[in-house]
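Ligands are counted one by one from 1 in listed order, and the atoms in each one are counted from 1 as well. Residue numbers start at 1 and run along the sequence shown.
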Amino acid sequence: MDDRPGLVIVGSGLGGYGLARELRRRDAKMAITVVTADGGEAYTKPMLSAAFALGKDPAGLVQKSAAALAAELSLQVMTHHRVEAIHRDRRRLVLRRPDEGRGEIGYEKLVLALGADPRPYRVEGSAGAGLFTVNDLEDYRAWRAALRPGARLLLIGAGLIGCEFANDLATAGFAVTLVDPAPWPLGRLLPPELGAALAAALRGIGITLHLGRSVAAFAPGLARLDDGTEVAFDRGLSAIGLVPRTGLAAAAGLAVGRGILVDRLLRSSDPAIFALGDCAETEAGPLPFIAPLLAETKALAATLTGTDTPLTLPALPVVVKTPALPTVVCPPPPGADGHWRVEDAGGALTARFVGHDDSLLGFALCGPQAAAEARKLAATLPPLLS
Ligand SMILES: Cc1cc2nc3c(=O)[nH]c(=O)nc-3n(C[C@H](O)[C@H](O)[C@H](O)COP(=O)(O)OP(=O)(O)OC[C@H]3O[C@@H](n4cnc5c(N)ncnc54)[C@H](O)[C@@H]3O)c2cc1C
């Protein structure tokens, strides 16, 4: 094991590899090691919930092997190595190796790009219900391997990821049932009019929606909803949210909140340790999306190569991959005071969230022009971090 002290990045997702790529653009010589618990294949995670539409199986989603990326970017990539502890006093990481033995490596600077864990769905019988969660390529491999043509699929959670999977799986010919306690899909992101339109579009491609309902209990192959409805299913997927991976950082004594707390330079409470992506909590809160992640990789690469660069973020619309009804959301800041104003222009729905002084604070759009319109509206919103 090469033990040169240099920059060590933990995690090979879009955060870890994205940072490595940005660093290489700026510095051809810096010693960079990527340590990752998984196989280190480079893939674009958002494609997981659109893979059928893209005509991709799990192997087709792999863009590069760890070895190819290591060669291209002159990295040392240690796959299937899980970091178990950070000894900040000695600047060393304790690793569990693929042979289950333990090892250590040193670091001069450390970047945590650890991602997040799916929130477990726990009700009576859930432990034996064989529920899947999909937050990475390995999860997706297992999920796809379990699908049989025409299977009845129960999806729990009609947030961004649940709606995207539901759309993709229904279009691929599966019998999809989607359950969520909110009265409409994307309940926290859309006002009722747009929620109703999305619900209608999802029903229109054959999805059975149980809204305002939760799964109260499971029996083998059966989910019982809180209104007594029984849903028979072959495979279940839970998509009820993600929890940033903070355990490693907390055990090492770093400050954590909802994520690993970082300042505008993405520096944790230890100046030698940085964090970005789904595991981090910036001044704007946890931001588990691609656009902030890309901004973070650029800013941090500049900082780590000698130019302190505080993170700045414009307003960040998120495109929801529901071809049944193209939708873009750009929610107002948490706790913002204001109300939704909805316009319907022949099926193209625009919802503006406006403050009391009539200023635009957020928006949501449904319809074929949503993505193009979102770019225009986003440009008029205040930045998330200026
Ligand atoms: C299905 C799906 C669809 C999505 N679609 C969109 C979209 O359309 N638009 C959008 O903006 N965002 C989307 N997102 C969110 C976006 O993909 C994520 O915010 C982003 O990919 C997170 O990247 P990351 O590098 O922070 O984490 P991850 O990609 O999760 O990477 C974490 C890495 O850390 C490693 N790791 C963790 N713990 C350890 C350890 N102890 N030791 C060693 N290695 C460790 C893991 O093995 C992994 O390599 C989607 C997410 C999902 C799940």
Quick one: which ligand 1 atoms are inside 4.0 Å of a heavy atom on [X]?
{"X": "G115", "answer": "27 (O), 30 (O), 32 (C)"}
{"X": "G277", "answer": "26 (O)"}
{"X": "P288", "answer": "15 (C), 19 (O)"}
{"X": "V10", "answer": "42 (N), 43 (C), 44 (N)"}
{"X": "G13", "answer": "25 (O), 29 (O), 31 (O), 49 (O)"}
{"X": "L14", "answer": "21 (O), 25 (O)"}

Donor on one side chain, acceptor on other, [X] and [Y], under 3.5 Å:
{"X": "D357", "Y": "S359", "result": "yes"}
{"X": "D139", "Y": "T133", "result": "no"}
{"X": "T44", "Y": "Q63", "result": "yes"}
{"X": "R21", "Y": "Y17", "result": "no"}

Residue selection (non-hydrogen contact nearest atom 49 (O) of ligand 1) among L160, D117, L294, D38: D38
Heavy-atom distance to atom 37 (C) of ligand 1: which of T79, I9, L114 wins? L114
With heavy-atom distances below 4.5 Å as the criterion, would you say the side chains of V111 and V8 are in contact? no
Can an N or O of [X] be found at a distance shorter than 3.5 Å from an N or O of ligand 1?
{"X": "K45", "result": "yes"}
{"X": "L248", "result": "no"}
{"X": "I290", "result": "yes"}
{"X": "V318", "result": "no"}

Using residues 173-184 as the side-chain source, report each donor-acceptor pair under 3.5 Å to any protein atom, sequence neighbours left out, with the distance given to one decimal.
| unit_1 | atom_1 | unit_2 | atom_2 | d |
| --- | --- | --- | --- | --- |
| D180 | OD1 | A182 | N | 2.7 |
| D180 | OD2 | A158 | N | 2.6 |
| W184 | NE1 | L190 | O | 2.9 |

Starting from I240, can I reach L202 by hopping between I/L/V/M/F/W/Y residues whose side chains sit under 4.5 Å apart? no
Tell me which protein heavy atom sits closest to [atom], plus the residue, atom name and distance to 0.1 Å.
{"atom": "atom 25 (O) of ligand 1", "result": "G15 N, 2.8 Å"}
{"atom": "atom 5 (N) of ligand 1", "result": "K321 NZ, 3.0 Å"}
{"atom": "atom 53 (C) of ligand 1", "result": "N135 OD1, 3.2 Å"}
{"atom": "atom 52 (C) of ligand 1", "result": "I161 CD1, 3.5 Å"}
{"atom": "atom 13 (C) of ligand 1", "result": "P46 CG, 3.8 Å"}
{"atom": "atom 3 (C) of ligand 1", "result": "S49 OG, 3.4 Å"}
{"atom": "atom 35 (C) of ligand 1", "result": "G11 CA, 3.7 Å"}

Sub-4.0 Å heavy-atom contact, [X] with ligand 1:
{"X": "D136", "answer": "no"}
{"X": "H81", "answer": "yes"}
{"X": "F165", "answer": "yes"}

Counting only heavy atoms closer than 4.0 Å, does ligand 1 sit against the backbone of [X], its side chain, both, or neither?
{"X": "L293", "value": "side chain"}
{"X": "V83", "value": "both"}
{"X": "D278", "value": "both"}
{"X": "A37", "value": "both"}

Carboxylate-amine/guanidinium proximity below 4.0 Å for [X] and [Y]:
{"X": "R90", "Y": "E104", "answer": "yes"}
{"X": "R96", "Y": "E100", "answer": "yes"}
{"X": "E41", "Y": "K64", "answer": "no"}
{"X": "E124", "Y": "R224", "answer": "no"}

Please say whether the positively charged group of R341, taken as NZ for Lys or CZ for Arg, lies over the ring of F363, i.e. under 6.0 angstrom from the six-membered ring centre and within 45 degrees of the axis. no
Donor-acceptor pair, side chain of S268 and main chain of F274, under 3.5 angstrom: no
Reported CG-to-CZ distance for the pair L48 and R141, which is rounded to 0.5 angstrom: 10.5 Å
Residues two or more places apart in sequence or in another chain: which of them pass side-chain contact (heavy atoms from CB on, under 4.5 Å) with S126? R122, V123, F218
